[in-house]
Amino acid sequence: MSFPIISCLLIISLTLFSPATLADDSPTVYEVLQEYNFPVGLLPKGITSYELDTSTGKFTVYLNKACSFTIEGYDLKYKTKITGTISKDRITNLSGIQVKVLFFWVNIVEVTRDGDELEFSVGIISADFPIDNFEESPQCDCGLDCVNGIGFQGEKAMEFSFKRLVFSS
Ligand SMILES: *[C@@H]1O[C@H](CO)[C@@H](O)[C@H](O)[C@H]1NC(C)=O
């Protein structure tokens, strides 16, 4: 008598849990980056979901909120939706990631990996960075300096001294 019940339960639990297990097996966006030979640090923490067409490499990545931080003296801004086309060592037609050059925010349109270097291209100009800078994913607001929060506090301190300057004049 208990046998059919147990097998019933087994079938129910299998039906209930197999889709969840399948979903868990799909790679994270950071694993996808690595599959294409890119470091995880190319994307910040806080990615909520992504879509990837593996036949064309076209992708869309969604962040829970727009994100900005400073790495190696560069101000970077990630929008809530990032699109592009990924292939091994190469991301083209990128949209949603910006870097501040002088006083302007410009789109990073292409990222290429060349050995231990990552090349970021904003159209006519490009800059190379050693891949070690991208070993871990930066966090919104404080980038890679989140333990002591230097990035964020530095910005606050600057804002404060700027305000004082304005008020004292
Ligand atoms: C480039 O991206 C845009 C969206 O940002 C898309 O509409 C367009 O089709 C893409 N072009 C190519 C060549 O993939």
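One-based numbering, in listed order, for ligands and for the atoms of each. This chain uses plain numbering: 1 for the first residue, then up along the sequence.
The 4.0 Å heavy-atom shell around ligand 1 contains residues K58, T83, N93, ordered by chain and number.
The shortest side-chain heavy-atom distance between E119 and R90 does not fall under the 4.5 Å cut-off. Within the 4.5 Å cutoff, the side chain of F38 has heavy atoms near those of the L118 side chain.
Side-chain polar atoms of T70 and D75 form a donor-acceptor pair below 3.5 angstrom.
Heavy-atom minimum distance, E110 versus L94: N-CB, 4.4 Å.
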Please evaluate residues T60 and I82 with respect to the criterion side-chain contact (heavy atoms from CB on, under 4.5 Å), reporting the C-alpha separation (whole Å), side-chain torsions for both, the decisive distance (0.1 Å), and the verdict. CA-CA 6 Å; T60 308; I82 295 159; over 6 Å; no
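The stretch residues 52-94 participates, sequence neighbours left out, in these ring pair (Phe, Tyr, Trp, His ring centres under 6.0 Å) pairs: F69-Y78, Y74-F129.
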